[in-house]
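What's counted below: heavy atoms across the whole structure, side chains too, no hydrogens, waters or symmetry copies. Just so we're on the same page: letters track the sequence lines, and every chain starts at 1.
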Amino acid sequence: MCFHYSLTIERTEIEIQLGVHFDDEWQPVHHANGFTFLQMPVITQTNPGAVQLFNWGLIPHWVKTKADADKLRAQTLNARSETVFEKPSFRSSITNQRCLVIADGFFEWMDFQKKKYPHYIYLKNGRLFCFAGIFSSWTDKETGEHINTFSILTTKANPTMARIHNSKERMPVIIPASLYKKWLSAKLSKAEIGSFFNPYPDAEIAAHTISNLVTSRNLNSNVEEVKMPFYYPELALLK
DNA sequence: CCAGACGTTGTT
DNA sequence: GTCTGG
DNA sequence: CCAGACGTTGTT
DNA sequence: GTCTGG
């Protein structure tokens with residue numbers, strides 16, 4: 001799974017690397033906590049030339065009230081790729097409402113002797129990447145407000161992620177750069193969509209432990225330092 | 001028929 | 001131990 | 001996901 | 001909206 005990630009590069013750099021327009025205001029985010037349902041940049045199937053800001057936490061179209069939406073979105077930050085075609089919250093989005101969720105790193109915790117050790121995971125080449133996402137547009141009938149939301153697909157962990165995320169052995173689905181266009185193309189069969197649901201190649205990712213600033217209540221975690229390496233002597237026992 | 005769920009995980 | 005809030 | 005609470009009352 | 005459980 002993946003409930004915390006980062007996108008720490010500038011808007012113009014995102015435009016250059018992905019060849020898209022990004023017209024909204026944008027400040028790099030060092031720590032996006034899914035449970036705050038913040039707006040993050042995505043590229044949708046329906047508007048593949050543009051980066052848009054959607055709220056993390058998918059609200060299905062059939063939700064009736066804002067209260068129900070708020071309950072559900074805390075549980076739709078991720079969608080299991082194995083069941084995404086069946087689940088009521090996701091099945092109407094996977095066929096024709098896929099998106100790329102732009103990121104440059106994500107956070108997971110290792111369990112060791114009953115303590116949690118946060119890690120930052122990123123590509124060895126240092127570039128941005130895209131999670132496989134699905135999106136939905138929801139209208140609040142009380143206020144008329146439209147909210148565009150997304151969820152990040154998950155799959156089983158590759159060896160590096162299994163070592164880090166040792167309690168659950170899951171990881172987000174990452175789309176290889178060469179397949180961005182295909183993920184966003186219309187008329188993919190169920191099998192073609194399913195062919196994306198693989199762990200990302202182990203050899204291409206890197207990771208290190210970080211301090212617990214990432215979940216600090218008193219300090220602002222949305223700062224550059226959040227992803228800096230932090231050494232835990234007790235973890236040396238693992239190597 | 002209506003009411004209620006609709007999700008992610010993991011499991012000393 | 002388990003739930004809620006962020 | 002983690003951090004932090006973990007209660008009483010009554011309720012448009 | 002659509003399915004499950006009662």
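In terms of the salt bridge (charged side-chain N to carboxylate O under 4.0 Å, His left out) criterion, A/R98 has no residue partners (sequence neighbours excluded). Looking at residues two or more places apart in sequence or on another chain, you find a side-chain contact (heavy atoms from CB on, under 4.5 Å) between A/F230 and A/S211, A/Y232. Checked against side-chain contact (heavy atoms from CB on, under 4.5 Å), A/D202 has the following partners two or more places apart in sequence or in another chain: A/N158, A/P159, A/T160. Every residue meeting the side-chain contact (heavy atoms from CB on, under 4.5 Å) condition with A/N222, not counting sequence neighbours, appears here in chain and number order: A/V29, A/H30, A/N220. Judged as a side-chain contact (heavy atoms from CB on, under 4.5 Å), and not counting sequence neighbours, the contacts of A/D140 are A/K66, A/W138, A/E142, A/T143, A/E145.
No option in A/T12, A/L7, A/I9 other than A/L7 meets the side chain to side chain contact (heavy atoms under 4.5 Å, CB included) test with A/W26. Looking at A/I210, A/N166, A/L235 one by one, the single match for side chain to side chain contact (heavy atoms under 4.5 Å, CB included) with A/Y117 turns out to be A/L235.
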Result block: side-chain N/O donor-acceptor pairs under 3.5 angstrom for residues 49-60 of chain A, not counting sequence neighbours:
unit_1, atom_1, unit_2, atom_2, d
A/Q52, NE2, A/T44, OG1, 3.2
A/N55, ND2, A/F37, O, 2.9
A/W56, NE1, A/L77, O, 3.0

Can you give me every donor-acceptor pair (side chain of residues 121-130 of chain A, partner residue at least two apart or in another chain, under 3.5 Å) with its distance?
unit_1, atom_1, unit_2, atom_2, d
A/Y122, OH, A/H208, ND1, 3.1
A/K124, NZ, A/A203, O, 2.9
A/N125, OD1, A/R127, N, 2.8

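For the pair A/K116 and D/dC2, the criterion of a side-chain N or O lying under 4.0 Å from OP1 or OP2 is met. Remark: A/T76 is not in phosphate contact with B/dC6, judged by side-chain N or O atoms under 4.0 Å from OP1 or OP2. The shortest distance between the side-chain N/O atoms of A/R170 and the OP1/OP2 oxygens of B/dT8 is not below 4.0 Å.
A distance of about 28 Å separates the C1' atoms of D/dA5 and B/dC6, rounded to the whole Å. Taking the C1' atoms as reference points, B/dT8 lies 16 Å from C/dC3, given to the whole Å. Nucleotides B/dA3 and D/dG7, compared at atom C1', are 32 Å apart to the nearest Å. D/dG10 sits 35 Å from B/dC1 when the C1' atoms are compared, rounded to a whole Å.
A distance cut-off of 5.5 Å between ring centres, combined with a plane angle under 30°, places A/W62 in a stacking arrangement with the base of B/dC6.
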Worksheet item: With Watson-Crick and G-U wobble geometry limited to distances under 3.5 Å, how should the secondary structure of DNA chain C be encoded in dot-bracket form, using | for bases paired to another strand and [ ] for crossing pairs?
Response: ||||||

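Taking atom CG of residue A/L72 and atom C1' of nucleotide B/dG4, one finds them 13 Å apart after rounding to whole Å. Between A/I134 atom CD1 and B/dG7 atom P the separation is 11 Å, expressed in whole Å. Whole-Å rounding puts the A/M161 CE to B/dT9 C1' distance at 14 Å. Atoms NZ (A/K64) and P (B/dC6) sit 14 Å apart, rounded to a whole Å. Rounded to whole angstrom, the span from the CZ atom of A/R73 across to the P atom of B/dT8 amounts to 17 Å.
Residue A/F90 is classed as a sugar-phosphate contact, given heavy-atom separations below 4.0 Å to backbone atoms only. Within the 4.0 angstrom heavy-atom criterion, no nucleotide atom of any strand lies near A/S92. If you check every strand for non-hydrogen atoms under 4.0 Å, A/E169 touches sugar and phosphate atoms only. Across all strands shown, A/K115 has no heavy atoms under 4.0 Å from either base or sugar-phosphate atoms.
Ring geometry for A/F197 against A/F85 counts as tilted: the plane angle lies between 30° and 60°, on a 0 to 90° scale.
Counting only residues at least two apart or in different chains, salt bridge (charged side-chain N to carboxylate O under 4.0 Å, His left out) contacts with residues 219-228 of chain A are absent.
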Under 3.5 Å, which N/O atoms of the protein pair with N/O atoms of nucleotides 10-12 of chain D?
none

Considering only nitrogen or oxygen atoms on both sides, find all protein atoms under 3.5 Å from nucleotides 1-6 of chain C and state each distance.
unit_1, atom_1, unit_2, atom_2, d
C/dG5, N2, A/R217, NH2, 2.6

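When hydrophobic residues (I, L, V, M, F, W, Y) are linked wherever their side-chain heavy atoms come within less than 4.5 Å, A/M228 remains an isolated member.
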